[in-house]
A.B. asks: 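Next up is a structure, given as structure tokens.
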Amino acid sequence: MTQNTKSARGAAANEARPVTLPKLKRDVLRIIPHGGLGEVGRNMTSFEINGKLLIIDCGVLFPESTQPGVDLILPDIESVYDRLDDVVGIFLTHGHEDHIGGVPYLLKRKPDIPLIGSPLTLALVEAKLREHRIRPYTLTVHEGDVEEFGPFRCEFIAINHSIPDSLGVQVTTAAGNFIHTADLKMDPTPLDGRLTDLRAMGRMGEAGVDLFLCDSTNAEVPGHSGSESSVAPAIHEAVRTAKGKVLVASFASHVHRVQHVINAAADNRRKVALVGRSMRRNMGIAADLGYLNVPEGLLVDEKTALSLPDHQVVFVCTGSQGETLAVLNRIAQGNHNISVREGDRVVLASSLVPGNEVPVSNMINNLMKAGAEVLHKGNAHVHVSGHGFAGELLQAYNVVKPRYAMPVHGEYRHLVANAKIAQLSGTPAENCVITENGGVIDLENGVPRKVGQVPVGFVYVDGKTVGEVTEDDLKDRLVLATEGFISIYVTVDPNEGEIVAGPEIHARAFAPDDSVFETILPQTRKAIEDALADGVRDQYRLSQSIRRVVGRWAGTKQRRRPMIVPIVMFSDEVASE
């Protein structure tokens with residue numbers, strides 16, 4: 001999603017926001033998406049009936065370059081913070097960050113909320129929670145299991161995605177039932193042989209599904225997404241024909257993609273080094289649980305790998321999105337123990353997240369300047385999507401045959417495309433519910449109806465602070481990052497109405513040297529003197545006169561719009577210090 005779209009809805013999440021919604025009647029299910037609708041990321045939806053809530057997913061959104069200093073963006077669940085005692089559980093559909101990354105921040109509020117998920121999903125989130133010193137209560141479930149959580153009866157469904165052990169769920173309540181697919185794909189030849197369970201979904205469809213919440217990410221793309229197995233030959237060839245070292249960048253949770261690399265390395269007598277804390281942690285968990293098959297002796301640490309001849313090693317690292325501090329970008333910048341040169345090959349074995357085009361392009365250019373060959377989705381078959389294309393979504397709709405459809409997971413255009421697919425399968429247009437984050441849907445007797453809107457914003461994680469950074473803060477940071485900073489110091493005698501010291505101008509990231517200020521200093525001094533002559537003795541008004549003259553000069557002469565901070569001191573204040 002573009003930054004403009006984010007800013008349009010990004011009012012500070014920590015402001016008081018009164019909400020008027022109709023009182024929730026007994027046996028009516030209230031659905032509120034707190035993230036993931038109108039954007040790709042921070043997926044989270046709450047479901048409430050008869051005083052109890054079930055939450056599905058709690059993910060994060062990663063910041064764009066227009067959000068400097070922000071580490072993560074969380075779903076806005078201010079509307080349920082005072083209801084955490086009523087939450088019967090959080091069902092985590094799979095182990096990707098955009099579905100589990102926000103869990104630690106929610107459990108800090110109430111650590112004993114039960115987490116429900118598959119073995120791999122829970123293992124990944126438990127490792128994350130240990131870093132936050134949280135020991136969660138968990139319940140492991142598998143496809144086919146049926147569990148009751150208060151008024152929610154949940155039957156779990158095997159779902160194929162780009163990470164093992166993904167699950168969807170059918171939830172049955174007194175208000176009706178719904179299926180939530182989370183991230184969905186129809187891979188005919190998955191690496192682990194685990195297919196999306198269309199038979200279970202068909203059985204549910206025959207019994208009657210009131211509402212279908214289906215993945216929308218690739219709803220605009222015609223056809224089918226292709227099998228994960230189809231990537232293996234390209235990765236194998238990339239490793240086999242490389243003259244030097246091979247670096248493969250992938251998401252730290254993409255177990256199947258890393259399995260391809262391990263297989264290719266083993267076949268070509270190369271050792272594999274996992275580089276990056278999250279990559280080592282996640283692949284270690286996957287290997288321990290049997291989701292990743294690693295031949296004995298294949299893995300070596302980074303130090304050992306660097307001591308081997310280049311043609312005998314493959315590095316698997318994070319940083320496929322050009323993240324500033326991730327391993328691959330540091331390598332491209334020459335700020336890592338690993339370096340690239342002529343004969344080396346870099347494989348970007350992942351999709352490009354919208355908004356990351358510029359940093360990824362810059363990273364590729366830097367790698368190529370160093371002599372490396374770079375393979376990516378645009379020039380080699382090294383990636384297939386984990387989200388089903390339109391043909392796969394149509395297949396799901398044809399199997400389930402829901403009475404109503406509520407597209408989830410995607411930007412608004414993806415939601416609209418998903419609704420059109422539902423209509424192709426026979427769901428009437430008037431039965432397609434398109435909403436965005438904060439849209440409140442009540443399901444009564446199997447019929448959904450939009451009843452209101454909960455204001456939602458962006459909850460920014462900035463270092464150790466959560467929710468304290470506002471949109472205005474980000475605007476200030478952008479100005480500082482792109483336009484520079486100018487401070488003007490002046491001391492004034494308010495009694496005599498004259499300048500005692502200054503003005504002095506100091507700047508950062510505005511101009512190569514301070515000589516540019518030689519022309520504006522006399523103008524600044526004159527503006528202060530004119531204001532004093534007019535009887536102005538208020539520090540704020542004096543500051544404004546400085547800001548006006550310096551701002552006009554910066555805009556017209558320098559074509560810049562820096563942050564300008566005038567500091568006006570009175571001489572009696574200086575003397576008292």
Side-chain angles (χ1 to χ4, degrees), residues 27-29 31 45 47 49 54 56 91 93-94 116 118 141-161 165-190 193-216 218-219 224-225 387-409 415 417-434 441-449:
D27 291 344
V28 175
L29 177 70
I31 305 170
T45 307
F47 301 84
I49 188 170
L54 174 70
I56 295 184
F91 169 52
T93 59
H94 61 280
I116 307 150
S118 66
V141 294
H142 303 82
E143 55 262 34
D145 287 354
V146 178
E147 298 282 353
E148 291 191 4
F149 307 98
F152 304 93
R153 178 186 182 275
C154 299
E155 180 174 352
F156 301 98
I157 310 164
I159 296 291
N160 184 260
H161 186 38
D165 243 7
S166 295
L167 292 172
V169 64
Q170 182 184 40
V171 180
T172 302
T173 71
N177 69 76
F178 65 88
I179 292 178
H180 195 304
T181 70
D183 293 351
L184 172 73
K185 178 184 172 110
M186 307 289 184
D187 190 335
T189 56
R194 186 174 177 272
L195 300 165
T196 292
D197 196 346
L198 291 176
R199 288 181 297 180
M201 294 169 69
R203 169 176 53 81
M204 295 169 181
E206 289 177 2
V209 172
D210 295 317
L211 185 62
F212 193 38
L213 287 75
C214 183
D215 182 15
S216 305
N218 278 332
H224 291 71
S225 59
H387 299 268
F389 291 2
E392 295 158 79
L393 301 185
L394 181 59
Q395 186 179 1
Y397 275 107
N398 283 336
V399 167
V400 175
K401 291 290 184 184
R403 294 172 61 201
Y404 293 86
M406 179 179 165
V408 294
H409 296 179
L415 306 180
N418 188 327
K420 291 180 179 178
I421 294 170
Q423 293 165 38
L424 286 176
S425 72
T427 303
E430 61 271 20
N431 286 13
C432 295
V433 181
I434 298 177
I441 308 297
D442 281 358
L443 183 72
E444 184 174 10
N445 296 321
V447 179
R449 180 172 59 93

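Only a predicted model underlies this, so the values are computations on that prediction, with no experimental measurement involved. Hydrogens, waters and symmetry mates play no part in the numbers below; they use all other heavy atoms, side chains included.
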A.B. asks: Looking at every non-hydrogen atom in both residues, tell me the closest pair between Ala405 and Ala422 and how far apart they are.
C.D. replies: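 Minimum heavy-atom contact is CB-CB, 3.9 Å.
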
A.B. asks: Report yes if some heavy atom in the side chain of Ile31 is under 4.5 Å from a heavy atom in the side chain of Thr45; otherwise report no.
C.D. replies: yes

A.B. asks: To the nearest 0.5 Å, how far apart are CD1 in Ile157 and CG in Leu184?
C.D. replies: 10.0 Å

A.B. asks: Got Leu213 and Tyr404 here, is their nearest side-chain heavy-atom distance under 4.5 Å?
C.D. replies: no

A.B. asks: To the nearest 0.5 angstrom, please state how far the OG1 atom of Thr173 sits from the CG atom of Leu443.
C.D. replies: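 Interatomic distance, Thr173 OG1 to Leu443 CG, rounded to 0.5 Å: 6.0 Å.
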
A.B. asks: Given the rule in the side chain to side chain contact (heavy atoms under 4.5 Å, CB included) test, do His409 and Asp183 qualify, once you have shown the distances and angles that lead to the verdict?
C.D. replies: CA-CA 8 Å; His409 296 179; Asp183 293 351; 3.0 Å; yes

A.B. asks: Do the non-hydrogen side-chain atoms of Val169 and Ile179 ever get within less than 4.5 Å of each other?
C.D. replies: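 No, their side chains stay 4.5 Å or more apart.
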
A.B. asks: Rounded at 0.5 Å granularity, tell me how far CE in Met406 sits from SG in Cys432.
C.D. replies: 12.0 Å

A.B. asks: Test your reading of the model: is there a side-chain donor-acceptor pair from Gln170 to the backbone of Cys154, 3.5 Å cut-off?
C.D. replies: no

A.B. asks: Please determine whether side-chain hydrogen bond (donor to acceptor under 3.5 Å, both in side chains) holds for the pair His94 and Asp165, giving the CA-CA distance in whole Å, both sets of side-chain angles, and the decisive distance to 0.1 Å.
C.D. replies: CA-CA 7 Å; His94 61 280; Asp165 243 7; over 6 Å; no

A.B. asks: Of all heavy-atom pairs between Ile434 and Ala419, which one has the smallest distance, and what is that distance?
C.D. replies: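 So the minimum-distance heavy-atom pair works out to CD1-CB, 3.8 Å.
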
A.B. asks: Return yes if some donor-acceptor pair links the side-chain N/O of Asn218 with the main-chain N/O of His387 below 3.5 Å, else return no.
C.D. replies: yes

A.B. asks: Looking at Asp215, is its backbone amide N or carbonyl O close enough to the side chain of Asn418 to form a donor-acceptor pair, meaning the two atoms are under 3.5 Å apart?
C.D. replies: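 At least one qualifying donor-acceptor pair exists.
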
A.B. asks: Minimum heavy-atom separation for Ser216 to Pro407, with atom names?
C.D. replies: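 Heavy atoms only, the tightest pair is OG-CB, 3.4 Å.
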
A.B. asks: Please answer whether the main-chain N or O of Ser166 pairs with a side-chain N or O of Arg194 as donor and acceptor at a distance below 3.5 Å.
C.D. replies: yes

A.B. asks: Within the side chain of Lys401, is there an N or O that forms a donor-acceptor pair under 3.5 Å with the backbone of Ser425?
C.D. replies: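 Yes.
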
A.B. asks: Check whether any side-chain heavy atom of Phe156 sits under 4.5 Å from a side-chain heavy atom of Phe91, and report yes or no.
C.D. replies: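 Contact flag for Phe156/Phe91 side chains = yes.
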
A.B. asks: Could you walk me through whether Phe47 and Phe178 pass the ring pair (Phe, Tyr, Trp, His ring centres under 6.0 Å) test, one step at a time?
C.D. replies: CA-CA 11 Å; Phe47 301 84; Phe178 65 88; 4.6 Å; yes

A.B. asks: Supply the atom-to-atom distance Tyr397 OH to Thr427 OG1, rounded to the nearest 0.5 angstrom.
C.D. replies: 7.0 Å

A.B. asks: Evaluate the criterion side chain to side chain contact (heavy atoms under 4.5 Å, CB included) for residue pair Phe152 and Ile49; output intermediate values, then yes/no.
C.D. replies: CA-CA 8 Å; Phe152 304 93; Ile49 188 170; 3.7 Å; yes

A.B. asks: Can you tell me how far CD of Glu444 sits from CZ of Arg449, rounded to the nearest 0.5 angstrom?
C.D. replies: 7.0 Å

A.B. asks: Counting N and O atoms only, with roles assigned by atom type, does the side chain of Asn431 sit under 3.5 Å from a partner on the main chain of Pro428, one being a donor and the other an acceptor?
C.D. replies: no

A.B. asks: Within this structure, what is the OG-CD1 distance for the pair Ser118 and Ile159, rounded to the nearest 0.5 Å?
C.D. replies: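 Ser118 OG to Ile159 CD1: 12.0 Å, rounded to 0.5 Å.
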
A.B. asks: Are any of the side-chain nitrogens in Arg403 or Asp210 under 4.0 Å away from the carboxylate oxygens of its partner?
C.D. replies: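 Salt bridge flag = yes for Asp210 with Arg403.
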
A.B. asks: Could you pull out every donor-acceptor pair under 3.5 Å between side chains of residues 195-207 and any protein atom, sequence neighbours left out?
C.D. replies:
from, atom 1, to, atom 2, distance (Å)
Thr196, OG1, Asn160, N, 2.9
Thr196, OG1, Lys185, O, 2.6
Asp197, OD1, Arg199, N, 3.3
Asp197, OD1, Ala200, N, 3.0
Arg203, NH2, Glu155, OE2, 2.6

A.B. asks: Taking the side chain as every heavy atom from C-beta outward, state whether Asp145 and His142 have any atom pair closer than 4.5 Å.
C.D. replies: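 In contact.
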
A.B. asks: How close do Pro188 and Pro190 get, counting heavy atoms only, and between which atoms?
C.D. replies: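 Minimum heavy-atom contact is C-CD, 3.5 Å.
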
